[in-house]
Number of protein chains: 4
Amino acid sequence: MSYHPGRHFLQIPGPTNVPDRIQRAMHAAVLDHRGPDFARLGRDVLEGMKSIFRTSGRVIIFPSSGSGGWEAAIVNTLSPGDKVLMYETGQFATLWQQVACRHGLDVEFVPGDWRHGVDPADVERRLTADRSHAFKAVMVVHNETSNGVTNRIREIRKAIDAAQHPALFMIDAVSSLASTELKQDEWQVDVVVSGSQKGLMLPPGLAFNSISEKALAANTTARLSRSYWDWQAMLKDNAAGFFPYTPATTLLYGLKEAIAMLHEEGLENVVARHSRHAAATRAAVEAWGLENLALDPREYSSSVTTILMPPGHDADAFRKITLEKYDLSLGAGLGKVKGKVFRIGHLGDFNDLMLMGTLSGVEMGLRAAGVPHQSGGVLAAMDVLSKPSLVAAEAILAR
Amino acid sequence: MSYHPGRHFLQIPGPTNVPDRIQRAMHAAVLDHRGPDFARLGRDVLEGMKSIFRTSGRVIIFPSSGSGGWEAAIVNTLSPGDKVLMYETGQFATLWQQVACRHGLDVEFVPGDWRHGVDPADVERRLTADRSHAFKAVMVVHNETSNGVTNRIREIRKAIDAAQHPALFMIDAVSSLASTELKQDEWQVDVVVSGSQKGLMLPPGLAFNSISEKALAANTTARLSRSYWDWQAMLKDNAAGFFPYTPATTLLYGLKEAIAMLHEEGLENVVARHSRHAAATRAAVEAWGLENLALDPREYSSSVTTILMPPGHDADAFRKITLEKYDLSLGAGLGKVKGKVFRIGHLGDFNDLMLMGTLSGVEMGLRAAGVPHQSGGVLAAMDVLSKPSLVAAEAILAR
Amino acid sequence: MSYHPGRHFLQIPGPTNVPDRIQRAMHAAVLDHRGPDFARLGRDVLEGMKSIFRTSGRVIIFPSSGSGGWEAAIVNTLSPGDKVLMYETGQFATLWQQVACRHGLDVEFVPGDWRHGVDPADVERRLTADRSHAFKAVMVVHNETSNGVTNRIREIRKAIDAAQHPALFMIDAVSSLASTELKQDEWQVDVVVSGSQKGLMLPPGLAFNSISEKALAANTTARLSRSYWDWQAMLKDNAAGFFPYTPATTLLYGLKEAIAMLHEEGLENVVARHSRHAAATRAAVEAWGLENLALDPREYSSSVTTILMPPGHDADAFRKITLEKYDLSLGAGLGKVKGKVFRIGHLGDFNDLMLMGTLSGVEMGLRAAGVPHQSGGVLAAMDVLSKPSLVAAEAILAR
Amino acid sequence: MSYHPGRHFLQIPGPTNVPDRIQRAMHAAVLDHRGPDFARLGRDVLEGMKSIFRTSGRVIIFPSSGSGGWEAAIVNTLSPGDKVLMYETGQFATLWQQVACRHGLDVEFVPGDWRHGVDPADVERRLTADRSHAFKAVMVVHNETSNGVTNRIREIRKAIDAAQHPALFMIDAVSSLASTELKQDEWQVDVVVSGSQKGLMLPPGLAFNSISEKALAANTTARLSRSYWDWQAMLKDNAAGFFPYTPATTLLYGLKEAIAMLHEEGLENVVARHSRHAAATRAAVEAWGLENLALDPREYSSSVTTILMPPGHDADAFRKITLEKYDLSLGAGLGKVKGKVFRIGHLGDFNDLMLMGTLSGVEMGLRAAGVPHQSGGVLAAMDVLSKPSLVAAEAILAR
């Protein structure tokens, strides 16, 4: 490939840029995974991750992609033929639904337009109607990485409660953990699925299941077959800081550092930072005269903004230009919006000037690709970034 | 923990010491896993791994521990209730058998004493007796990491052929790949399971299934449920160098370097080196007057030597002393030999002087722990290392 | 210190951002500096640096700061009391002059206003007047890092030739090498002094003297005392790839990689890239309504732009704000312009989006600091970056 | 070059093996050397180094090889024609003497046989005879890296005192700092010269001058010309944590980590460890029937053991074999013992098993090279390493 001076701008919505501190932490000799030093590490990360999920429950760490976390959540809590409620809020909800189907679940998959999140009222309606409690789980993607729609988990929880329904509540927080507000215990989420390569700022390779007591109880009767993903074997060895099979040691080194970094910044500050960058990005999009795929301000994502291309312009051709001319990787449209949208990831280890570099690359790319737009998106973004208090207010109002 | 000057000696039989070149290769920015640079990387490692497995088939790479590779091999090729033939050659065969049971297979698990490998004649007998071809697979651990017994895969293949039995032949090569001779195509192995953290010199986090045409055909009718481990989704995306879900990018950087390093040394030389170090280790064990757990010279492992403690001496107490006094991690006895044996790993990125440091640590540890032994094991090992031609001959004779 | 998410923007005019490839290359075990592998490395970098200086002469590499290179150039070529001609083009010319004085040279230091470079006609006039050839050397800073003025070395050479004067021509190319056009042999420069931490993209720690045959001849009669800096001892050992004392091994690993990277990009492209980024930066400065310290377009620096603060505003207070609010390090005013200017470094491993992040930080910083300016500098810069052909033309015209 | 599996054994007496912790610390982005974060780093390392030199004086850090430290000590304290007393205790004393001569000093260089250190009585005799106090300095190499002779600095100090002579006492502690006992203030050493690449476990590239009040006073009247090495400019900027020219930033990151590591282990433990490894090495040498170049047990080096080859055997041919067959770098004979001795470095980040690997490599190398010797040196070394209390006693007695 041709030579590219300077730093690549990896602004897909994950994997995100791995900070030097984490790279350094991972650049270390592998430990005996059955020795005393490892036990300390194991306990540190297992305990530390509870503070990130905001739970007093248990966190399971798998050497796996985030997708493995979906499968683990399912096979540990459900039985063949179980009915579950899912919503088509985007590509990742669609994929999780496929995993459920492949494992023989009976999925009620409520269609969606990919521009709106789950309607809590619909959840309440369906669960209220389910008098026999056939639904064993409600499964929702917190932040839809494919379209920049963030589901209102707190409201959905209230809807389940209003329906007085005992279904498990399981969410995918792959692209929301450590970037968007998430309070597992307060919101009574039974299983939170996540991965290492987004807000946690690590390379891909770890999946998480953060589980409630209720989920753990369900596990004892769940009859889907499981071995690699089995929670019980994990919990047994985790008690002493170990794992039932060889863990991804170097990613755990990185995870320990990531947890420390998130607490140094403060989780509230992390969330506010992502919200502020998302607001600046939306201001640029509006100034360019382009359209945000997400339509409901209450559902705007803090991690990723998905932008519709004007008719007659191919998003992938545009992305090819930003990559070749400006060494900027933007996210592709996935599934049914392929070619129609591009995505700007603004999550993970990120700051104002990295965002401005990114938005400048988008603006120059639009010009280079001949996409009709108003210039000056970068100025609009700078206006937002220069007014921190208003941004904070906007962030609060938007939720 | 207390301060330890100098380099830790990680001489468990895996994870092995990660060489600096691989550490450096992994210390690199994460790429867009859907971009053109990634596609090149994906194709390189998928193609490169075929040369390591010595196959013209297909290699599947999972973000997972080696244990995930066991599960993947099973769920992709078999159906609920299928009968399989397995042998209790040690702890890892025992664990793989448990995975099979958890997925509802009907396992004929032939008991063993952990000091011998699979008897090919027994395989032939059982398969010949199975006129209905009820056995759908024969599953064997190539090198038993828990006891230093290497199964004679080539002979077992001949036994299957002699029985004219159509069962799939699946092996675990986690601790034999890139250290012990392994020729998948020549030996007609249908699925080879392996992992990143042994002969491949990487940190843990990747599992492999290297699959034959016959295994692929079995996949189309196999009815065990699968999603994360599904070969078809992998093969579809792999064709263009991509993966169906986010791959463990940085481990793939390391894998590319590992493949290059193995070819720089030459796979034949890698195998000869491991064999020579194993012979030197056995010479030390014999000189100390201790006993190798493996009893059949045809089955001595090149990767790991497992040593029986004299009666009345606890292997774990001894290992604790070598760790604290000499900063040397040795492998623990697992399962039914816990406390009765210790293991010296001599695989991966390793050389004569690292081995001599290791054996010196064992000899000084035996002294410090008050374990009865003859001194001079290190001299016996140096004798072997100083006679390369004899060693080569011994290695040839031993197989 | 407080936590800063994302990547720091180190936009001082050196040390510059060290690219990951070079960091990786330096993260390697130290070699025996008297062994065969080292000899290969030594020969590679000594030979490779000749291509960067564009000389067929000899390059000396010292473990030292760039300042050591000044001292080395002096003590190797001159004798106590020798008369030399120097020009006050900025802070670094002033410092080099001090080094000369400390070593007992008789320096004619022509005063300057720090906003203009050396006038070649003045050189010709003074040398022509020096009929006795009392001047033993003309010493000029190629690119003045303190004020963004680039001296016209080619024209100064012509002036020396026009005066038919035998003085040595020595230049400081610390912040011009590998960023600004520099052709040692073609321009007949006798000693080029440089350092590792600017266009070579390395951490600080290496100084260079690239020397002509004429300089080498002067060396044999030069009577200033020298030991560490002595060229002869260096050249003797360098012939075999070695050094007379322990070299800075890991920086040499990085240097080898840097040379490779510069040739991958192509030195002409490196120069064009720096010129284009400088043009974009000047466009932003002009749009902000601020003033470039350098007044002559023929002398605009490609590496650094130095900007005058409006009266009544302190440059260091402004820089403090960009550092704290935007994690952006800008260069301070040095010497007699302290507090009156700030400097934007745009050299080394750098690209369009890094520049746009930088300029956005400056623009937001001006706003935050209440410095009077017109908004929209970033748009002006994007205009330049979007018109590569015009930029190239401007770059050509400006020289 | 051919492929070498495993870790290279770099057992020259420096540069030493750089530990991973230090490599990681250096693998970090370069800081603005005039910014607030740098100031903290600068103060930390300047203050920290005082604890390593055991002085309450001042430490100067140069971007330079250790050899630059020699020059700095001289040009900062002496004037042209000054008389100094030096002893030919080996190659490095010889080289330091050359530096002194090149700077116009009048060196009384007392000849030596390279097998003995400085006789304190001789110092006393010469200084007592110097009634006019013509000697301005006594300059001694603490540990002669070339021959494994450690001078008795404390006794030499007493000799100077006994002679009631006001000469400065300057020592080279390049290969003794942080490995051999060194107490600058207690022993009243005026200038200690050292470097980064031995006991400090860093790559080469930093030189140190640790200076007393008396040396500082001498500096004010010293008339040798200086600029790069000038202490005053350094001290002025160091007060705020800065340096007068660009420091070798990444080596300073490593230095901070090195100081922390030395204190974690404890300087007394560091010294005891080196002493113990030296004793084990000498036991091996004796068992092999070879001869230590150093003859006086009070002068045995803790950092390096220099071994005479039996007549008729070339040390460099032997070293070539250990390098090619065992990937072990041993030190060459320098200067007048070239080809006649080889050196085993046992300093820096080192432990028992690294030493045993090294000694095994020497023993197998002797065999491979056909050098007459008794086998079993490694057993003798293990005997010493297994008896820590006796070793400690021997170490105490030997001093």
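In what follows, chains are A, B, ... by sequence order, proteins preceding strands, each numbered from 1.
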**Q** Filter on salt bridge (Lys or Arg N to Asp or Glu O under 4.0 Å), then keep only pairs touching residues 9-19 of chain B, sequence neighbours left out; what's left?
**A** none
**Q** Which answer fits D:Glu363, side chain, backbone, both or neither, if we ask what part of it has an atom under 4.5 Å from a heavy atom of chain B?
**A** side chain
**Q** Within residues 5-18 of chain B, which positions have a heavy-atom distance to chain D below 4.5 Å?
**A** B:Pro5, B:Gly6, B:Arg7, B:Phe9
**Q** The criterion is side chain to side chain donor-acceptor pair (under 3.5 Å); which residues satisfy it with B:Thr249, sequence neighbours excluded?
**A** none
**Q** Taking the side chain as every heavy atom from C-beta outward, state whether D:Met356 and B:Met364 have any atom pair closer than 4.5 Å.
**A** yes
**Q** Among B:Ser360, B:Gly376, B:Ala381, which residue has the highest count of heavy-atom pairs closer than 4.5 Å to chain D?
**A** B:Ser360
**Q** A quick test of your reading: do over 12 heavy atoms of other residues, nucleotides or ligands sit less than 6.0 Å from NZ of D:Lys320?
**A** no
**Q** Would the number of heavy atoms belonging to other residues, nucleotides or ligands and lying under 6.0 Å from CD of B:Glu286 be above 12?
**A** no
**Q** For B:Met382 and D:Val378: C-alpha separation, side-chain torsions, deciding distance, then whether side chain to side chain contact (heavy atoms under 4.5 Å, CB included) applies.
**A** CA-CA 10 Å; B:Met382 289 200 295; D:Val378 295; 3.6 Å; yes
**Q** Listed by chain and number, what are the side chain to side chain donor-acceptor pair (under 3.5 Å) partners of D:His373, not counting sequence neighbours?
**A** none
**Q** I'd like to know which of D:Ala368, D:Gly357, D:Gly361, D:Gly348 tops the heavy-atom pair count under 4.5 Å against chain B.
**A** D:Gly357
**Q** How long is the gap from NE2 on D:His27 to CD on B:Gln23, to the nearest 0.5 Å?
**A** 11.0 Å
**Q** CG/B:Leu328 to CG/D:Asp352 distance, rounded to the nearest 0.5 angstrom?
**A** 11.0 Å
**Q** With rounding to the nearest 0.5 angstrom, report the NZ to CG distance, B:Lys325 to D:Leu385.
**A** 10.0 Å
**Q** For the CG atom of D:Leu353 and the OG1 atom of B:Thr322, what is their distance to the nearest 0.5 Å?
**A** 9.0 Å
**Q** If I take atom CG from residue D:Asp383 and atom OG from residue B:Ser375, how far apart are they, to the nearest 0.5 angstrom?
**A** 7.5 Å
